[in-house]
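Quick note on labels: first sequence line is chain A, next is B, and so on, each numbered from 1.
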Number of protein chains: 2
Amino acid sequence: MKFAKIPMATINRLSIYMRTLQEMLEDDVDVISSERLAKQCGVNPAQIRKDLAYFGEFGVRGVGYRVNDLVVQIKDILGLNRPWNLAMIGVGNLGSALLRHGNFIKHGYIFTAAFDVDPKKVGKRLPNGVIVNHVDELEEKIKEKEVLMGLITTPASEAQNIANQLVLAGINGILNFAPVQIQVPDCCHVENVDFTIKLDSIAYHLSASS
Amino acid sequence: MKFAKIPMATINRLSIYMRTLQEMLEDDVDVISSERLAKQCGVNPAQIRKDLAYFGEFGVRGVGYRVNDLVVQIKDILGLNRPWNLAMIGVGNLGSALLRHGNFIKHGYIFTAAFDVDPKKVGKRLPNGVIVNHVDELEEKIKEKEVLMGLITTPASEAQNIANQLVLAGINGILNFAPVQIQVPDCCHVENVDFTIKLDSIAYHLSASS
DNA sequence: TCGGCAATGTGAATTATATCACATTTTCGT
DNA sequence: ACGAAAATGTGATATAATTCACATTGCCGA
């Protein structure tokens, strides 16, 4: 099953299912139907079953899904049954807010390195104990700290340059917060987080509907 | 043309084209082909032409698109030929980083209100001059400050409650940073920004390819 | 003025994604 | 032990988005 081509959208939905299921666990729900889960996640029930069917059979007919088991299965599918070390490149407003943000650690993502070019920031110790390094030391530290993904929160003008360096350092997963499209070789997977694109989309909908 | 159903993906791409074009303007490029723009944006040239074709004919055959004109046209399409007032709900790490973030104002988005429940924060003046209000005053201040979109950066547990209040206050565009799916009536358009979903997606790709 | 070139705009074809609908399997009550 | 009820898993269908391929159009140089 794992060899069929999986839609990107499926992968994203699996994360959403997982989150919702984790919340349900806390409310002591132990079995859930695709219908109820779908309502909670705002999707079609068949969608959920199809998404899961790409990877196996996880439910019990006539009953539903065991919440706890399904969380474990989804974690397995996504590769979340292990910690992932992250590096933050750019310790400005946004970068430092994210470094302090609890959601990363909660989901198994650990910042083990941080970089900036500002001499005032280099050498400082972050609340999580990580010391900010100069970008010149990127490759060295990334290897030392066994970083597997890089988060770019530099100004847009630096993002491509940093991405190149990350790739050279052997990183092949990048989460890019800078509002530019960065170009990387195929071996590297980039995801973009761009607030203003989302705002533009809202602006469009509000304008168009009025 | 505006009555054909426009793919959501098209709207998002228009933002990306606009950004790229704005950068080109600064480099004194004044005409661009769909091919070159496509390469820069990482999409197919025909895609760009199709996307634009939903809204009209903006190019010159044999020549390309006048960069400046196209930026204006896209702004018109998206409703960005006017300022949009924003409210931030939740002035924690992330909220205050975003309030200070220059990209919003650069693209015509103006924070005119901010809310929190923490008495230590309420009453404080932000760098942009806005004073943090208590969430109890949400409806009143949102109307007073003519806010049209709300950004939710509260803890996940509060997000739905805040969304409800925003809707009651007449807001119909929400950018949700909390890692939950919030439910709103159809009149309201929600976009989600969820870092950990993106990280999960990267984790999947790194795990699957190895 | 005219011919060739370049790049748009767009119908057709392809590919991808989502939904339906139902046969299948399991549980549970009698 | 059996039949009804419930909810999965999935082939078929419908919908949506992307890409192709080319006819069309405007520009420029000789």
Side-chain angles (χ1 to χ4, degrees), chain A residues 1-17 20-21 24 29-71 73-74 77 181 197 201 204, chain B residues 1-17 20-21 24 29-71 73-74 77 181 201 204-205:
Chain A
M1 281 292 172
K2 195 136 192 191
F3 299 130
K5 209 167 75 287
I6 316 291
M8 187 61 166
T10 291
I11 300 302
N12 289 317
R13 281 190 299 264
L14 287 177
S15 296
I16 294 173
Y17 305 157
T20 307
L21 291 165
M24 284 174 174
V29 180
D30 49 57
V31 172
I32 184 92
S33 66
S34 59
E35 191 175 335
R36 282 224 299 138
L37 180 57
K39 186 175 285 178
Q40 190 79 21
C41 298
V43 301
N44 182 297
Q47 182 89 79
I48 293 182
R49 301 199 296 273
K50 260 278 157 70
D51 285 339
L52 294 171
Y54 283 114
F55 301 98
E57 304 195 1
F58 305 120
V60 182
R61 292 175 193 222
V63 179
Y65 300 90
R66 299 223 44 227
V67 178
N68 195 45
D69 289 0
L70 193 49
V71 168
Q73 301 280 10
I74 295 179
I77 293 167
Q181 294 312 106
I197 286 181
S201 163
Y204 168 77
Chain B
M1 280 289 171
K2 195 132 191 194
F3 298 130
K5 205 165 77 290
I6 316 289
M8 188 61 165
T10 290
I11 300 302
N12 289 316
R13 280 190 300 263
L14 288 178
S15 297
I16 293 173
Y17 305 157
T20 306
L21 292 165
M24 285 174 173
V29 180
D30 49 56
V31 172
I32 184 92
S33 67
S34 61
E35 192 174 334
R36 284 222 299 135
L37 180 58
K39 188 174 284 174
Q40 191 79 22
C41 298
V43 301
N44 181 296
Q47 182 88 80
I48 293 184
R49 300 199 296 273
K50 260 278 154 70
D51 285 340
L52 294 171
Y54 283 114
F55 302 97
E57 305 194 2
F58 304 119
V60 182
R61 292 176 192 221
V63 179
Y65 301 89
R66 299 222 46 223
V67 178
N68 194 46
D69 289 359
L70 192 50
V71 168
Q73 300 281 10
I74 295 179
I77 292 167
Q181 296 310 108
S201 162
Y204 168 77
H205 286 279

I need the NZ-P distance between Lys5(B) and dA18(C), as an integer number of Å. 14 Å
Atom-pair distance (CG on Asp69(A); P on dT8(D)), nearest Å: 14 Å
Distance check needed: dT18(D) C1' versus Tyr54(B) OH, whole Å only. 9 Å
Rounded off to whole Å, could you give me the CD-to-P distance for the Gln73(A) and dG9(D) pair? 11 Å
Does dT19(C) have OP1 or OP2 sitting under 4.0 Å from an N or O in the side chain of Gln47(A)? yes
When you look at Leu70(A) and Tyr17(A), which way does the side chain to side chain contact (heavy atoms under 4.5 Å, CB included) test go after all the steps? CA-CA 9 Å; Leu70(A) 193 49; Tyr17(A) 305 157; over 6 Å; no
If you check every side-chain atom of Ser33(A), which of dA17(D), dT10(C), dA7(D) has the closest atom? dA7(D)
Taking every non-hydrogen atom, the tightest pair across Ile6(A) and Tyr204(B): CG1-OH, 3.5 Å
Establish, with yes or no, whether the OP1 or OP2 oxygen of dT18(D) is under 4.0 angstrom from a side-chain nitrogen or oxygen of Arg13(B). yes
DNA chain C nearest-nucleotide lookup for Arg61(B) and Pro7(A): closer to the 5′ end is Arg61(B)
Ignoring backbone atoms, test whether Tyr65(A) places a side-chain nitrogen or oxygen under 4.0 Å from the OP1 or OP2 oxygen of dG9(D). yes
Rounded to whole angstroms, how far apart are CG on Asn44(B) and P on dT8(C)? 12 Å
When you measure from the side-chain N and O atoms of Arg49(A) to the phosphate of dT8(D), is any distance below 4.0 Å, counting only OP1 and OP2? yes
If you assign each of Val43(A) and Gly64(B) to its closest nucleotide in DNA chain C, which residue comes earlier from the 5' end? Gly64(B)
Which part of the nucleic acid, if any, lies within reach of Thr10(B) when heavy atoms closer than 4.0 Å are counted: base, sugar-phosphate only, or nothing? nothing
Phe58(B) vs Ile77(B) side-chain heavy atoms within contact, under 4.5 Å: yes
Minimum heavy-atom separation for Val67(B) and Leu21(B), please, with both atom names. CG1-O, 3.5 Å
Rounded to the nearest angstrom, tell me the gap between atom CD1 in Ile6(B) and atom P in dA16(D). 13 Å
Any idea which heavy atoms bring Ile197(A) and Ser15(B) closest together, and the distance? CG1-CB, 3.8 Å
Distance-only donor-acceptor test (3.5 Å): side chain Lys50(A), base dT19(C): yes
dT8(D) P sits how many Å from Asp51(A) CG, rounded? 13 Å
Please report, rounded to the nearest Å, how far the P atom of dG9(C) is from the CD atom of Glu35(B). 15 Å
